[in-house]
Amino acid sequence: MARAYVLLAWTWLRASFQYPASALIGLAVAMALYTLDVAAIWVIFGHTERLGGFTAHEVMFLYGTAGVSFGLADMLFGNVDRLGAQVRTGTFDTMLIRPVSPFVQMAVDRFTVTRFGRVLQAGVVLAIALPQLDLAWSRVWMVPVMIVCGLVIFTSVFAFGGAIQFLLTEAPEIANAFTYGGSQLTQYPMTVYGAELVRGVTFIMPLAFVNWQPALFVLDREDPLGLPHWLRFASPVAALAIALAAAALWRVGIRRYRSTGS
Amino acid sequence: MPAHRRGVVFQLYLRIAGYGFRRHSTYRAAALAGAFTNTIFGVLRAYVLIALWEARPGLGGYDVADAVTFCFLTQAFIGPMQVFGGTLQLAQRVRSGDVAIDLMRPASLQLWTMADDMGRAAYLFLVRSVPPTLVGAALFGITVPDSPWHWSAFGVSFVMGVLVSFGWRYLVALSTCWINDDRGVNALSVILTGFFSGMVLPLNLFPGWLGAFANAAPWAAMVQVPADVYLGTREVWGALAFQGAWAAVLLGLGAFATAGARRKVVIQGG
Amino acid sequence: MIELEGVGRSFTVRRRTGRLLRREKAVVHAVRDLSFSVAPGEFVGYLGPNGAGKSTTIKMMTGILTPTEGRLRVAGLDPSRRRTVLARRIGVVFGQRTTLWWDLPLRDSFELVRHLYKVDRNTFRQRLDELTELLELTSFLHTPVRQLSLGQRMRGDIAAALLHAPPVLVLDEPTIGLDVVSKAALRAFLSELNAERGTTVLLTTHDLGDVERLCNRVMVIDQGRLSFDGTVEDLRATAPDESSIEDVVARLYTGGGTAAAEPAQQLGSSVAQ
């Protein structure tokens with residue numbers, strides 16, 4: 001499946017480079033667009049030293065890790081949020097007559113260089129923030145772990161957002177609330193949000209495990225919200241749980257589609 | 001133009017606006033989903049603004065309640081003002097060459113498109129502006145204008161905001177006549193509108209020259225100015241004059257561009 | 001190659017009744033109690049008026065839709081359970097919509113198909129050369145699909161469906177909207193494919209020229225049931241007094257067989273006029 005993905009993505013990429021100027025402009029524009037979020041952080045920290053108890057570099061660390069995770073998930077699988085449109089126009093049928101999982105086919109459809117924009121931009125932010133934080137090596141190992149877990153969690157959220165479009169073909173925008181909303185949520189420390197919301201994204205939709213919990217370990221902080229200490233090592237478990245749930249939901253969606261034909 | 005002719009023309013555009021309203025009301029599910037997403041983002045952004053105003057009370061002349069209200073107002077403006085670059089259908093018609101048919105009609109392309117867009121804005125106001133604001137009021141509490149005069153001033157400012165937004169998007173759509181790769185123009189429009197309208201953060205937080213530029217540029221007339229009129233943090237006549245001036249400039253440029261497009265289509269055949 | 005045994009497919013639809021928010025459930029049978037089998041190497045025309053259940057049958061045969069009743073086997077597999085395995089043994093073409101990628105040149109579309117079906121490079125090249133020659137694709141191989149004419153696009157679609165050399169080919173209205181020359185070329189290709197490779201072909205169509213020139217067997221479905229199954233000669237024999245095959249089929253569609261000969265004949269002759 002991974003092999004099919006890479007081969008298909010490569011074919012799309014090569015095709016997109018028949019118009020290299022257009023592809024590169026698209027990439028630059030995407031990066032500029034995401035930089036607006038960083039500009040907002042910059043403006044905020046022009047007025048205050050700390051936000052929710054965290055410094056500018058710490059917030060940039062949170063932003064960078066969440067951004068790289070989300071960027072990778074969006075690059076690889078973000079396209080599944082177009083499922084509603086595919087079902088409406090009937091092109092989803094043509095994916096079902098092929099011997100590759102429709103999830104992979106959806107995800108790789110129209111893979112262009114523009115999709116690297118978010119990862120690159122967030123990677124730059126992370127690369128700037130990391131050296132400023134003066135982290136101990138005994139804690140830095142968590143950074144790649146949290147990025148991978150974040151990738152799995154965001155991918156699951158994308159799959160979830162796609163799967164609900166089997167039911168709500170006319171309202172694909174609903175998925176954005178969870179996917180892009182999740183990305184927005186994880187850009188800031190959880191201390192700025194209400195306690196109910198934080199509990200919700202810790203125990204129900206585990207977005208707190210994308211970066212917040214493991215970052216508490218990396219930054220060597222007590223949990224300001226007083227949740228158990230071991231949660232900061234629980235990201236892999238949370239990622240596995242939501243991935244299984246998302247896969248199950250996607251299967252239910254496909255089965256429903258094939259039994260209603262709509 | 002005699003008075004009765006003017007009446008007929010006005011009725012035509014009123015009817016087009018009605019059709020615009022109806023056409024968009026067929027996408028009700030999508031609009032409701034948009035309202036849901038706007039609400040979620042409103043909640044998330046409100047928390048960030050509350051954290052900032054708790055650290056810096058009174059920042060930019062707002063108190064915490066003003067900041068939260070501002071946040072939900074901006075979410076409410078996304079639909080009607082198309083802050084995230086909803087392009088006019090016109091852009092597609094320019095690209096496909098169908099605009100030639102539109103230019104042949106004995107009615108102004110600009111007014112026609114504007115009437116249609118007003119109908120769209122009216123529908124999206126009902127479906128995408130009202131719900132997020134009500135949720136914001138229920139969850140966080142928002143301030144409300146204190147008098148009918150204040151409400152009507154906001155109403156006028158809101159409509160002016162839609163007009164400025166239309167004026168801008170009309171120019172972006174017509175630019176497709178002269179610029180081949182419209183994607184770059186659209187993306188630039190999204191970035192400028194998103195950042196300089198006050199959508200990302202209130203413009204009164206922008207430092208120095210950036211703030212001065214943002215407050216003078218047309219995008220402020222779409223989000224920041226009507227929000228300030230609502231909050232009562234800006235003098236009403238000055239605000240309306242600012243919006244009116246930009247509306248006049250953009251619509252004037254639009255009329256100029258329409259004439260150019262007509263010449264281009266008639267002489268060069270598209 | 002294709003076996004159906006008592007296959008049925010019903011849908012539950014909700015209808016809005018006059019009153020606000022009141023909805024009525026109704027069961028609609030798109031296909032009911034359908035049984036037939038197609039032997040390897042047959043060329044079958046699958047006819048029926050609009051909405052008779054043709055597309056539903058094809059969707060079930062390709063695994064897009066699961067049947068509500070009965071047993072179905074295509075190339076030895078149950079389509080609803082073994083959809084992805086079946087995909088390698090079957091080629092599908094929809095005349096109304098393309099399975100190619102709109103923005104890509106035809107050649108790149110084929111490359112994607114190659115990766116999807118895991119066709120190795122040499123076999124792919126050889127088959128593509130062959131198909132390019134037979135379907136005369138050379139002149140537009142590097143043109144984006146959206147710029148192709150309908151006839152060119154259909155040839156491209158058929159080539160894409162055959163790149164993995166499936167033993168069964170299912171075509172849903174492949175000649176729709178094609179001009180006379182394109183149609184003739186397509187028919188010649190399909191009949192050669194069937195004769196020389198022994199590929200089993202099932203096609204739906206509203207063009208009876210397709211049936212007369214290509215099919216050694218015809219099935220007619222009407223209101224979800226099979227109303228005729230036999231050779232083209234058998235089909236003619238159902239209404240020996242009709243001169244054109246169009247009239248024969250029109251009679252079959254509007255009431256079936258000799259029982260309703262009178263009104264059908266009237267309709268048939270009005271169509272002929």
Side-chain angles (χ1 to χ4, degrees), chain A residues 19 21-22 25-26 28-54 59 84-85 114 117 164-165 168-194 196-198 201, chain B residues 26-57 59-60 79 84-85 128 139-140 180-196 199-208 210-211 214:
Chain A
Y19 306 96
S22 185
I25 288 173
V29 161
M31 287 183 73
L33 194 60
Y34 301 129
T35 303
L36 287 187
D37 296 334
V38 186
I41 294 176
W42 175 69
V43 171
I44 286 175
F45 280 97
H47 293 284
T48 181
E49 292 273 298
R50 283 169 182 271
L51 189 75
F54 286 75
V59 171
T114 318
I164 55 177
Q165 290 177 41
L168 304 167
T169 40
E170 303 293 327
E173 261 211 58
I174 205 102
N176 295 353
F178 300 102
T179 53
Y180 295 96
S183 159
Q184 167 83 21
L185 175 100
T186 48
Q187 288 174 10
Y188 289 93
M190 289 291 155
T191 43
V192 309
Y193 302 115
E196 293 302 313
L197 182 60
V198 176
V201 296
Chain B
T26 54
Y27 306 112
R28 192 178 46 189
L32 286 173
F36 177 70
T37 307
N38 291 159
T39 308
I40 298 281
F41 271 82
V43 172
L44 296 178
R45 291 182 51 226
Y47 277 123
V48 174
L49 291 182
I50 290 171
L52 177 57
W53 258 268
E54 275 174 356
R56 288 287 311 274
L59 183 64
F84 291 125
R128 281 186 64 175
L139 287 178
F140 298 92
N180 279 330
D181 191 4
D182 56 318
R183 282 192 320 176
V185 181
N186 284 337
L188 194 67
S189 162
V190 173
I191 293 171
L192 291 171
T193 312
F195 198 62
F196 290 115
M199 189 66 230
V200 175
L201 280 174
L203 297 183
N204 45 14
L205 299 191
F206 284 25
L210 193 65

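Just so it is clear: chains get the letters A, B, ... in the order the sequence lines come, proteins before strands, and each one is counted from 1. Worth knowing before you read on, the calculation uses all heavy atoms, side chains too, and leaves out hydrogens, waters and symmetry mates.
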Using every non-hydrogen atom in the two residues, find where [X] and [Y] come nearest and quote the distance to one decimal.
X        : Y        : result
B:Val200 : A:Leu36  : CG1-O, 4.2 Å
A:Tyr193 : B:Val48  : OH-CG2, 4.4 Å
A:Val43  : B:Leu205 : CG1-O, 3.6 Å
B:Tyr47  : A:Leu197 : CE1-CD2, 3.7 Å
A:Ala32  : B:Ile191 : CB-CD1, 3.7 Å

If you measure from [atom1] on [X] to [atom2] on [Y], what distance do you get to the nearest 0.5 Å?
X        : Y        : atom1 : atom2 : answer
B:Arg28  : A:Glu170 : CZ    : CD    : 11.0 Å
A:Trp42  : B:Leu201 : CH2   : CG    : 11.0 Å
A:Leu185 : B:Arg45  : CG    : CZ    : 14.0 Å
A:Gln187 : B:Leu44  : CD    : CG    : 10.0 Å
B:Trp53  : A:Thr48  : CH2   : OG1   : 11.5 Å

Sequence neighbours left out, what pairs pass side-chain hydrogen bond (donor to acceptor under 3.5 Å, both in side chains) with at least one residue falling in residues 33-44 of chain B?
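Every pair satisfying side-chain hydrogen bond (donor to acceptor under 3.5 Å, both in side chains) with a residue in residues 33-44 of chain B: B:Asn38-B:Arg128.
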With respect to chain A, which residue among B:Phe206, B:Phe41, B:Phe195 yields the maximal number of heavy-atom pairs within a distance under 4.5 Å?
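Winner by heavy-atom pair count: B:Phe41.
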Quick check for you: among B:Ile40, B:Val43, B:Leu52, which has the greatest number of heavy-atom pairs under 4.5 Å with chain A?
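Looking at each of B:Ile40, B:Val43, B:Leu52 in turn, B:Leu52 comes out on top.
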Can B:Ile50 and A:Val192 be said to form a side-chain contact (heavy atoms from CB on, under 4.5 Å), step by step?
CA-CA 8 Å; B:Ile50 290 171; A:Val192 309; over 6 Å; no
Answer with side chain, backbone, both or neither: which region of B:Leu32 has an atom nearer than 4.5 Å to a non-hydrogen atom of chain A?
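It is neither, since no heavy atom gets under 4.5 Å.
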Pick one of side chain, backbone, both or neither for B:Leu59, based on which atoms fall under 4.5 Å of a heavy atom in chain A.
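Answer is side chain: those atoms of B:Leu59 sit under 4.5 Å from chain A.
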Side chains of residues 171-180 of chain A: which donor-acceptor pairs under 3.5 Å do they make with residues two or more places apart or in other chains?
unit_1: A:Thr179; atom_1: OG1; unit_2: A:Ala175; atom_2: O; d: 3.1

Who among A:Pro189, A:Ala40, A:Gly53, A:Gly84 has the most heavy-atom pairs with chain B under 4.5 Å?
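Highest number of heavy-atom pairs under 4.5 Å: A:Ala40.
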Exceeds 12 heavy-atom contacts within 6.0 angstrom, atom CZ of A:Phe45:
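More than 12 within 6.0 Å, yes.
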Checking heavy atoms, do the side chain of A:Tyr188, its backbone, both or neither come under 4.5 Å from chain B?
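Only the side chain of A:Tyr188 comes within 4.5 Å of chain B.
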